[in-house]
Colleague: 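Okay, here's the structure, questions in a sec.
Computed from a predicted structure; not experimentally measured.
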Amino acid sequence: MDKTQEVLFTSNTTTAINQLTRMLNLSENNTILTSGIEHTSNYLPWQFNTNAKIATFKTNADGSFDLNDLYEKIETLQPTIVSITGCHSLTGYIPPLQEIARTIHKNGGKIFVDCAQLAAHRPLELHKNKVDYAAFSAHKIYAPFGAGVLVVKRELLEQLPSDPGGGTID
């Protein structure tokens with residue numbers, strides 16, 4: 001994490017991703033690029049909470065990302081956000097986050113990483129990997145159920161709240 005990011009506490013990874021989708025307030029003019037092997041927690045919130053177009057890039061037979069297809073789609077689709085797993089729950093595949101982040105940033109987008117499977121096994125190094133948004137559940141790092149983390153860019157917190165209520169506005 002760096003000084004441009006903040007941590008929000010949620011109840012789990014799914015809740016964190018749902019929160020992020022509402023905070024980003026994407027429209028039909030935006031595109032979300034994701035892989036075909038994402039956990040439903042990292043796919044359904046984007047599908048149901050936004051009007052954005054969702055595109056997928058190919059994966060290889062071993063469950064790894066087809067990086068050529070990913071980079072080609074970043075170049076051609078100019079997605080607003082790439083939403084990917086930090087570690088696949090079935091194969092253990094860990095994508096090259098820093099390289100993917102560099103490519104999406106070069107093309108004007110941001111990267112979200114579902115760190116649910118990664119957080120307990122590797123340092124997240126969000127700043128080093130240039131990750132804009134990330135989420136994970138506390139129980140994945142051997143803590144009790146019922147707590148999750150959403151890391152966002154501070155600029156998102158400077159807009160109107162996505163879930164307005166008492167204490168959320170001046």
Side-chain angles (χ1 to χ4, degrees), residues 1-10 12-21 23-24 26 30-39 41-43 45-46 52 54-60 62-143 147-158:
M1 236 177 69
D2 66 19
K3 293 179 181 182
T4 67
Q5 294 175 313
E6 296 288 343
V7 174
L8 304 178
F9 293 98
T10 66
N12 55 45
T13 306
T14 303
T15 302
I17 299 170
N18 275 296
Q19 179 70 31
L20 178 63
T21 62
M23 291 175 81
L24 291 173
L26 301 175
N30 301 112
T31 300
I32 300 156
L33 182 59
T34 189
S35 78
I37 61 166
E38 293 304 312
H39 191 281
S41 291
N42 192 25
Y43 183 80
W46 300 104
I54 299 176
T56 57
F57 59 89
K58 296 176 188 171
T59 54
N60 300 309
D62 65 358
S64 62
F65 292 171
D66 180 333
L67 295 174
N68 290 329
D69 189 52
L70 168 59
Y71 298 143
E72 180 181 315
K73 286 188 174 156
I74 289 174
E75 294 281 336
T76 58
L77 298 176
Q78 297 289 304
T80 306
I81 192 159
V82 168
S83 178
I84 56 173
T85 182
C87 178
H88 193 265
S89 61
L90 297 177
T91 66
Y93 171 69
I94 298 174
L97 297 177
Q98 193 173 64
E99 184 179 321
I100 295 168
R102 186 174 29 254
T103 303
I104 187 62
H105 291 150
K106 184 177 77 177
N107 286 276
K110 298 198 181 297
I111 184 170
F112 166 75
V113 180
D114 175 351
C115 295
Q117 303 303 322
L118 184 65
H121 305 289
R122 299 276 194 286
L124 295 184
E125 300 182 308
L126 301 177
H127 178 69
K128 175 184 171 191
N129 289 316
K130 307 295 186 213
V131 172
D132 299 296
Y133 312 110
F136 66 90
S137 292
H139 71 270
K140 298 291 185 170
I141 57 171
Y142 314 109
V149 170
L150 173 62
V151 177
V152 299
K153 291 290 190 182
R154 181 174 290 141
E155 65 199 34
L156 270 183
L157 301 178
E158 295 169 356

Colleague: Taking everything shown except Lys110 itself, do over 12 heavy atoms lie less than 6.0 Å from its NZ?
Modeller: yes
Colleague: For Ile111, does its backbone N or O pair with a side-chain atom of Asp132 as donor and acceptor, under 3.5 Å?
Modeller: yes
Colleague: When you measure from the side chain of Thr103 to the backbone of Tyr71, do you find a donor-acceptor pair of N or O atoms at a distance under 3.5 Å?
Modeller: no
Colleague: Looking at Thr59 and Gly36, what are the two nearest heavy atoms and their distance?
Modeller: CG2-N, 4.2 Å
Colleague: Name the one of Val113, Leu126, Leu124 that satisfies side chain to side chain contact (heavy atoms under 4.5 Å, CB included) with Leu97?
Modeller: Val113
Colleague: Between Glu38 and Thr85, is there a donor-acceptor pair closer than 3.5 Å when you use the side chain of the first and the backbone of the second?
Modeller: yes
Colleague: If you measure from CD1 on Ile17 to OH on Tyr43, what distance do you get to the nearest 0.5 Å?
Modeller: 13.5 Å
Colleague: Okay, side chain of Glu6, backbone of Leu157: is any donor-acceptor separation there less than 3.5 Å?
Modeller: no
Colleague: Tell me if a side-chain donor or acceptor on Glu99 pairs with a main-chain N or O of Leu67 at a distance below 3.5 Å.
Modeller: no
Colleague: Shortest non-hydrogen contact from Phe112 to Asp114?
Modeller: CE2-N, 3.6 Å
Colleague: Please find the pair of heavy atoms, one from Pro95 and one from Gly86, that lie closest to each other, and give the distance.
Modeller: CD-O, 3.4 Å
Colleague: Are Phe9 and Val7 packed together at the side-chain level, in the sense that at least one heavy-atom pair is separated by less than 4.5 angstrom?
Modeller: yes
Colleague: Would you say Asp66's side chain and Asn68's backbone share a donor-acceptor pair under 3.5 angstrom?
Modeller: yes
Colleague: Return the NZ to OG distance between Lys58 and Ser64, rounded to the nearest 0.5 Å.
Modeller: 13.5 Å
Colleague: Let me confirm one number: the CD1-CG distance from Ile81 to Leu20, rounded to the nearest 0.5 Å.
Modeller: 5.5 Å
Colleague: Could you walk me through whether Val152 and Leu8 pass side-chain contact (heavy atoms from CB on, under 4.5 Å), step by step?
Modeller: CA-CA 8 Å; Val152 299; Leu8 304 178; 4.3 Å; yes
Colleague: Could you go through the side-chain hydrogen bond (donor to acceptor under 3.5 Å, both in side chains) check for Asn12 and Thr15 one step at a time?
Modeller: CA-CA 5 Å; Asn12 55 45; Thr15 302; 3.0 Å; yes
Colleague: Which heavy atom of Thr91 sits nearest to which heavy atom of Gly63, and what is that distance?
Modeller: CG2-CA, 4.3 Å
Colleague: Does His88 reach the main-chain N or O of Ile37 with its side chain, forming a donor-acceptor pair under 3.5 Å?
Modeller: yes
Colleague: Do the non-hydrogen side-chain atoms of Leu118 and Ile94 ever get within less than 4.5 Å of each other?
Modeller: yes
Colleague: Would the distance check show the side chain of Asn60 and the main-chain N or O of Phe65 forming a donor-acceptor pair, the cut-off being under 3.5 Å?
Modeller: yes
Colleague: Is any side-chain heavy atom of Thr56 less than 4.5 Å from a side-chain heavy atom of Ser35?
Modeller: no
Colleague: Identify the two heavy atoms, one from Leu33 and one from Lys73, that lie closest to each other, and give their separation to 0.1 Å.
Modeller: CD2-CB, 3.9 Å
Colleague: For the residue pair Lys106 and Glu75, establish whether any side-chain heavy-atom pair is separated by less than 4.5 Å.
Modeller: yes
Colleague: Roughly how far, to the nearest 0.5 Å, is the CD1 atom of Ile100 from the CG atom of Asn129?
Modeller: 10.0 Å
Colleague: Heavy atoms, side chains only, cut-off 4.5 Å: are Ile32 and Thr80 in contact?
Modeller: no
Colleague: Which pair of non-hydrogen atoms, one from Asp69 and one from Phe57, has the smallest distance, and what is that distance?
Modeller: OD2-CA, 3.2 Å
Colleague: Whether the side chain of Ser137 engages the backbone of Thr13 through a donor-acceptor N/O pair (distance < 3.5 Å, no angle test) should be reported.
Modeller: yes
Colleague: Quick one: pull up OG in Ser83 and CG in Asn42 and give me the separation to the nearest 0.5 Å.
Modeller: 3.5 Å
Colleague: Rounded to the nearest 0.5 Å, what separates atom NZ in Lys130 from atom CD in Gln98?
Modeller: 7.0 Å
